[in-house]
Protein chains: 2
Amino acid sequence: MADVRTPVSTAVYDALRADILGGRLAVGDGIPSERTLSERHAVNRHAVREAVKRLQQAGLVQVSQGGATRVLDWSRTGGLELLTDLPGAGDIGAVRAGYELRACLAAEIAVRSAQRADDDARDHLRARAAGLIAARQAGDDATLLKAYRELWDVLVDASRNIAYRLAYNSLLAGEDTLRAAAIVFLRDELHDAGTTEALIGAVLDGDQDAARAAATMLTARTLRALTLTEAAAP
Amino acid sequence: MADVRTPVSTAVYDALRADILGGRLAVGDGIPSERTLSERHAVNRHAVREAVKRLQQAGLVQVSQGGATRVLDWSRTGGLELLTDLPGAGDIGAVRAGYELRACLAAEIAVRSAQRADDDARDHLRARAAGLIAARQAGDDATLLKAYRELWDVLVDASRNIAYRLAYNSLLAGEDTLRAAAIVFLRDELHDAGTTEALIGAVLDGDQDAARAAATMLTARTLRALTLTEAAAP
DNA sequence: AGAAATTTGTTCGTATGTATT
DNA sequence: CAATACATACGAACAAATTTC
């Protein structure tokens, strides 16, 4: 079994990011110097530099030549890509936050798809609709989830909004680690074949109101499951 | 005149990112080797490595030891933080995309704020409301825009959703370059004092429906201005 | 299948500009 | 002003993985 060897700079980056996002390095604090970090992690200074550059890009630190590299307030300077990197990304609170964002995105994606889908997008949508029906025959949730995600992928494209696409990408990044949990919460949504068909039909008909209603209905099921879980285990 | 010296690795990063986002490096292509790039930009290979690591983190390339570093399809692998980095970020289409996302976020932020704002958040909100009224007295749009942004900043916190906060951060990143344009499109929204007051009141009252309606009304003004501009100059 | 060439990964060392004290 | 600490940058070399012949 070939172990996936992570580059040393990535190891340093992950460690520092976890320290910052986890609050072990307080905002305004200076992180250890490059030399100190290179000794502590037993790596060369160049590797540390690569890691710090990435921290800088992620909006987690501010480096200044001559002075200490300071920790920024990531809740102010961080971008959406941090969502799946949060130390408590698997916690119910963060998961709910992500699904609430998805819900609000989904409704708007449905509306814009109904408004803007061209012939090409409609063809893609019909193909995915057929794939979804086939997946329902298979019976297992993993196959169904895959087909359902592909359906939304086509809808995102059909909405013709690059911001929706990029936000959608950010939400799905690193979802592999949460796939098991996702299937649990998405279960009702996945098996609501009627509303899904209604959504597809509304988009194909160009009925924006119906598309929004169907998308809202679908995501509401998942949000409800999350709220119940959150209330049960706080 | 002290020129703002950008680190060499950042210069390489910017150049490569522009080539990828601009389509001059096609998806699936291999980018030049580290040695080639270091010669071409007349910098050390370590600087190139830092730049490539950042490209990798941004989801723009996939590097593999021994093989070529390949360009990924950023519309699939990129996150929301790319929105303000796009070569056509100032183009009307990308601006509209960003404001459509903001509109859908704003409505949900308003609803969740009305639902979840605690006493502390309400105090902050009242303070910002007063600041907004003071800014209206000043008369100039720049001051008003600043106060308006601070209002929404408080609302984002009040909504108690980390995903909303991070997405909001991503949308505002690099807005400095677009501030002049932003004031133009936001003008109607900024000067709609009545609806803004209604939004604040609804949140303080915990009236989710009224909060959503007010937020939708506000953002609709800006979307309308954008649509008119887009139709006029395609 | 195997060897050579290419490319990224990593480490050593060295020098310089800048901010803090 | 001087000393110190820090980030910035360059150069050379070897290791490890992939591609190519």
Side-chain angles (χ1 to χ4, degrees), chain A residues 1-17 19-20 24-72 74 77, chain B residues 1-17 19-20 24-72 74 77:
Chain A
M1 52 175 77
D3 73 298
V4 180
R5 60 176 64 259
T6 61
V8 287
S9 67
T10 300
V12 177
Y13 170 73
D14 287 341
L16 286 173
R17 187 184 58 179
D19 283 345
I20 294 173
R24 287 179 293 278
L25 287 172
V27 174
D29 278 3
I31 70 174
S33 73
E34 291 183 352
R35 283 183 179 80
T36 305
L37 286 171
S38 70
E39 291 175 8
R40 187 175 302 176
H41 290 87
V43 299
N44 189 270
R45 266 190 347 111
H46 288 300
V48 173
R49 278 184 59 79
E50 290 174 9
V52 172
K53 269 286 184 331
R54 288 175 63 181
L55 289 175
Q56 186 179 12
Q57 180 180 359
L60 298 180
V61 301
Q62 182 180 35
V63 335
S64 59
Q65 186 174 349
T69 297
R70 295 214 136 72
V71 176
L72 295 175
W74 58 266
T77 58
Chain B
M1 55 171 85
D3 73 304
V4 181
R5 58 177 64 261
T6 60
V8 288
S9 66
T10 300
V12 177
Y13 170 72
D14 287 341
L16 286 173
R17 188 185 56 179
D19 282 345
I20 294 173
R24 286 179 294 280
L25 288 172
V27 174
D29 278 4
I31 71 174
S33 73
E34 292 180 352
R35 284 181 177 81
T36 304
L37 287 171
S38 69
E39 290 175 11
R40 186 174 304 178
H41 290 85
V43 298
N44 191 275
R45 195 160 78 92
H46 290 298
V48 173
R49 280 184 57 79
E50 289 175 10
V52 172
K53 270 279 178 349
R54 289 175 63 183
L55 289 175
Q56 185 180 14
Q57 179 177 353
L60 298 180
V61 301
Q62 182 181 37
V63 345
S64 61
Q65 186 174 350
T69 297
R70 293 215 140 70
V71 176
L72 296 175
W74 58 267
T77 58

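Please read these numbers as outputs of a predicted model, since none were measured by experiment.
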Using whole Å, what does the distance between atom [atom2] of nucleotide [N] and atom [atom1] of [X] come to?
X       : N      : atom1 : atom2 : answer
B:Arg35 : D:dC10 : CZ    : P     : 16 Å
B:Tyr13 : D:dT8  : OH    : P     : 16 Å
B:Arg70 : C:dT6  : CZ    : C1'   : 13 Å
A:Ile31 : D:dA5  : CD1   : C1'   : 15 Å
A:Gln62 : C:dT18 : CD    : P     : 18 Å
B:His41 : D:dA9  : NE2   : C1'   : 16 Å
A:Glu50 : D:dA7  : CD    : C1'   : 15 Å

Given [options], identify the nucleotide with an atom nearest to the side chain of [X].
X       : options                : value
A:Pro7  : C:dT10, C:dT11, C:dT8  : C:dT10
B:Gln65 : C:dT11, D:dC14, D:dA16 : D:dA16
A:Asn44 : C:dC12, D:dC6, D:dA17  : C:dC12
B:Glu34 : C:dT8, D:dG11, D:dA7   : C:dT8
B:Ser33 : C:dT10, C:dT7, D:dC6   : C:dT7
A:Val63 : D:dA7, C:dT8, D:dC10   : D:dA7

Report the distance from atom CD1 of B:Ile31 to atom CG of B:Leu60, rounding to the nearest 0.5 Å.
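The CD1 atom of B:Ile31 sits 10.0 Å away from the CG atom of B:Leu60.
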
Determine whether any donor atom in the side chain of B:His46 lies under 3.5 Å from an acceptor atom in the base of C:dG9, or the reverse, and answer yes or no.
no

Among A:Gln57, A:His46, A:Arg49, which residue satisfies the side-chain hydrogen bond (donor to acceptor under 3.5 Å, both in side chains) criterion with B:Glu50?
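Per the side-chain hydrogen bond (donor to acceptor under 3.5 Å, both in side chains) rule, the option paired with B:Glu50 is A:Arg49, out of A:Gln57, A:His46, A:Arg49.
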
If you pin A:Gly67 and B:Arg45 to their nearest nucleotides in DNA chain C, which one's is more 5'?
B:Arg45

Between A:Thr69 (side chain) and A:Gln62 (backbone), is there a donor-acceptor pair under 3.5 Å?
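Looks like no, no N/O pair under 3.5 Å.
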
Sidechain-backbone polar pair: A:Arg70 side chain, A:Gly28 backbone, donor-acceptor under 3.5 Å
yes

On DNA chain D, compare the nucleotides closest to A:Arg49 and B:Gly66; which residue's is nearer the 5' end?
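On the 5' side of the pair lies A:Arg49.
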
Do A:Leu37 and A:Leu16 touch side chain to side chain, with heavy atoms closer than 4.5 Å?
yes

What contact category does B:Val52 fall into here, base, sugar-phosphate, or nothing, at under 4.0 angstrom with non-hydrogen atoms?
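No contact.
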
Is the distance from OP1 or OP2 of D:dA7 to the nearest side-chain N or O of A:Thr69 less than 4.0 Å?
yes

